[in-house]
Amino acid sequence: MRLEVSCQDRVGLAKDILVVLERYGINLIAIDASNQGFLYLQFAEISFETLSALMPQIRKVESVHDVRTVSFMPSEQEHYALKTLLKTLPDSVFSIDAKARIRIVNESALLNIGMGEHEVLEESLNHWVQGFNFSRWLSESQVLPQAARVQIGPNEYLAEMLPIYLPDEDEKTILVGAVVSLKSPARVGKQFNALQNQTTGFENVLASSDKMKEVLKQARRMAQLDAPLLITGETGTGKELMARASHDASMRREKPFIAINCAALPDSAAEEELFGYVSQGKVVKRGFFEEAKGGTVFLDEVAEMSKAAQVKLLRLLQDGTFRRIGGDEEVRADVRIICSTQKNLAELCQTAEFREDLYYRIHVLSYHIPSLRERKVDIIPLTEMFLEHYSQQLSSPVRRISAQCRDHLLTYAWPGNVRQLKNAVFRAVSMWDGSAELTVEQLKLPSYAEGFGYFDNEFEGNLDDAMKQFEASLLRRLYPAYPSTRQLAKKLGVSHTAIANKLREYKIAKRR
């Protein structure tokens, strides 16, 4: 059981909450504090009746604003994120204390030294890594980052040593150990070649707004890491484009990139498509994870994945292996997994619609792509780029964007984001009528009122105001096609007098 307590910071607050817990005989397992005004409490499961009585009592504590149940503690997420990141790193990583004894070690390091985790913890790193005296380095008066050539048995590595300092009460720092990362010569060479070639994979992603520039900055850094990546954003924001760019900018760029729409996979076939199928000891079908060996698998709309497939994906992320349907053989998957979703996975975890442990595994690295209405600076450059692209593709003259069209593009809600803009421009170019400018009418964008989903942030007024706005918008769009009051009245099934009055009321005149 975990609770999130929204509160104002004050001395003695935690003690007062503990008194309430003690009153109900609840033993606290863990407590987390956030500098954003939250306390997180973890204790053993309690009955619904006890919880219903406990939460109002906590709310009565001075400085407490609210309390609610949550799926996980912040420290749990950090722990699983760190553990998953270390597990998926191809480099050997050791965390050592101030006496060079191993405290944390990842799987890559254990494979290189050929030992189990229980055999190396609390032992000196110098037992296995030769060529550098870690104990002497950590005992120096000033411990600085180092890089050196070292050996594990007959194999050589480039070792990067970073000291770990913690602040003490006197605003000084205390050396508590170091992180040691070992890279093989082949991996160092690949990284150098990637730097020399400067192939980032993000050249075709247009970003004029500060928000999108920041996203690209994060994405470029994360592309070089081999840990799972989660990309979030509304439909049409370009999540698959960013996933493909991340693959092209990674060390796996020469290997396959396979994109899978989880929403389009029927539950009955999802496991077979992802992991393959065996019949009578023979491999009938190789799954996507096997097909993408050495490359990247992109799971689009991962929230739509079936529960059974979620379990197998979790195991793949934990152990790096999977079994084909109907088979007993363990298959090792050498792939990087990138996921995307437009849903809030944390909320889905609370309602048990998505596995919480899987969420921790895929949410190691993540970034959010802003919607088009949040990056309006990009709208006109994107429109010009799509205009030029489709004009060349369809052998059509490149047109200017009219002033009225520019204003409309910037004020439109763009529920379909970049995809909607791209499709609208393609439609306008493909239906070119010989005009020199791109106009609002040629884009054929649906009215704000269609779907009734666009007034939430923009609209102010009552229902009558909304009806009038819809009526005026409808008449403005139809009047050019039915340019007399009688024609328009017949189309709408009302008297031409009523239409004339409405056109006068909304100041809609014939275009000349």
Side-chain angles (χ1 to χ4, degrees), residues 78-140 142-166 173-196 218 220-229 246 249-253 294 317-318 320 334-337 361 364-365:
E78 292 172 5
H79 170 75
Y80 278 97
L82 175 62
K83 192 171 182 179
T84 306
L85 181 59
L86 286 174
K87 180 183 175 65
T88 54
L89 276 175
D91 302 324
S92 299
V93 179
F94 301 86
S95 177
I96 56 178
D97 63 16
K99 294 185 178 180
R101 292 175 299 203
I102 299 171
R103 290 299 177 89
I104 301 174
V105 57
N106 72 343
E107 288 195 6
S108 177
L110 293 172
L111 287 172
N112 280 336
I113 62 180
M115 306 289 285
E117 186 175 17
H118 66 283
E119 297 175 288
V120 301
L121 293 182
E122 301 301 327
E123 298 291 335
S124 173
L125 182 58
N126 286 110
H127 288 173
W128 294 280
V129 182
Q130 284 81 42
F132 185 84
N133 194 319
F134 298 96
S135 302
R136 184 184 301 167
W137 170 61
L138 290 167
S139 64
E140 293 175 358
Q142 186 178 12
V143 180
L144 300 174
Q146 294 279 344
R149 181 183 294 178
V150 297
Q151 298 87 35
I152 296 179
N155 300 318
E156 287 193 337
Y157 298 88
L158 173 65
E160 296 180 331
M161 288 77 74
L162 300 172
I164 303 173
Y165 287 100
L166 293 183
T173 55
I174 304 171
L175 179 70
V176 295
V179 173
V180 180
S181 173
L182 306 183
K183 297 179 186 290
S184 67
R187 181 153 167 77
V188 173
K190 285 182 180 178
Q191 290 179 329
F192 179 78
N193 289 337
L195 182 64
Q196 288 292 97
Q218 294 179 47
R220 284 191 175 98
R221 287 201 296 261
M222 294 179 186
Q224 300 300 321
L225 303 175
D226 222 20
L229 169 64
S246 295
S250 72
M251 299 299 172
R252 297 178 179 268
R253 71 173 70 90
L317 288 166
Q318 286 176 331
D334 177 23
V335 296
R336 186 193 188 185
I337 294 176
R361 296 291 182 182
V364 178
L365 304 172

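Residues: numbered from 1 along the sequence shown.
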Exercise. List the steps and the verdict of side-chain contact (heavy atoms from CB on, under 4.5 Å) for Val129 and Val180.
Key: CA-CA 11 Å; Val129 182; Val180 180; over 6 Å; no
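- For Arg336, there are no side-chain hydrogen bond (donor to acceptor under 3.5 Å, both in side chains) partners two or more places apart in sequence or in a different chain.
- Checked against side-chain hydrogen bond (donor to acceptor under 3.5 Å, both in side chains), Glu107 has the following partners two or more places apart in sequence or in another chain: Lys87.
- If you take CG on Leu182 and CD on Glu160, they are separated by 9.5 Å, rounding to the nearest 0.5 Å.
- Separation of atoms CD (Glu119) and CD1 (Ile102) is listed at 11.5 Å; rounding is to 0.5 Å.
- Applying the side chain to side chain contact (heavy atoms under 4.5 Å, CB included) test to Gln151 and every residue at least two apart in sequence or in another chain returns Gln130, Arg149, Glu156.
- Within the model, atoms CG of Leu144 and CG of Leu162 stand 11.5 Å from one another, a figure rounded to the nearest 0.5 Å.
- Residues satisfying the side-chain hydrogen bond (donor to acceptor under 3.5 Å, both in side chains) criterion with Arg252, sequence neighbours excluded, are Asp226, Asp334.
- Between Gln218 atom CD and Arg221 atom CZ the span is 6.5 Å, to the nearest 0.5 Å.
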Quiz prompt | From CA spacing to verdict: side-chain contact (heavy atoms from CB on, under 4.5 Å), Trp128, Asn112 | solution = CA-CA 10 Å; Trp128 294 280; Asn112 280 336; over 6 Å; no
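- Nearest heavy atoms, Ile113 versus Val120: CD1-CG1, 3.5 Å.
- Among residues two or more places apart in sequence or in another chain, the side chain to side chain contact (heavy atoms under 4.5 Å, CB included) test is passed with Pro154 by none.
- The minimum heavy-atom distance between Ala98 and Leu138, with the atom names listed, is O-CB, 3.6 Å.
- For Asp91 (side chain) and Ser181 (main-chain N/O), no donor-acceptor pair under 3.5 Å exists by modelled atom type.
- In this structure, Trp137 and Pro163 have side chains that are in contact, with non-hydrogen atoms separated by less than 4.5 Å.
- If you take CG on Asn126 and OG on Ser135, they are separated by 5.0 Å, rounding to the nearest 0.5 Å.
- One finds the CD atom of Gln146 at 10.5 Å from the CZ atom of Phe134 (value rounded to the nearest 0.5 Å).
- When all heavy atoms of Val364 and Ala81 are compared, the closest pair comes out as CG1-O, 3.8 Å.
- Residues that satisfy the side-chain hydrogen bond (donor to acceptor under 3.5 Å, both in side chains) test with Arg103, not counting sequence neighbours, are Asp97, Glu122.
- Other residues, nucleotides and ligands place no more than 12 heavy atoms under 6.0 Å from the OH atom of Tyr80.
- Heavy atoms only, all atoms of each residue included: Tyr165 and Val143 are closest at OH-O, 2.9 Å.
- Residue Val335 comes nearest to Gly294 through the heavy atom pair CG1-N, 4.4 Å, listed as atom of the first residue, atom of the second, then distance.
- Ala223 and Ala249 get closest at one heavy-atom pair: CB-CB, 3.8 Å.
- The local environment of CD in Glu123 is crowded, with over 12 non-hydrogen atoms from other residues, nucleotides or ligands closer than 6.0 Å.
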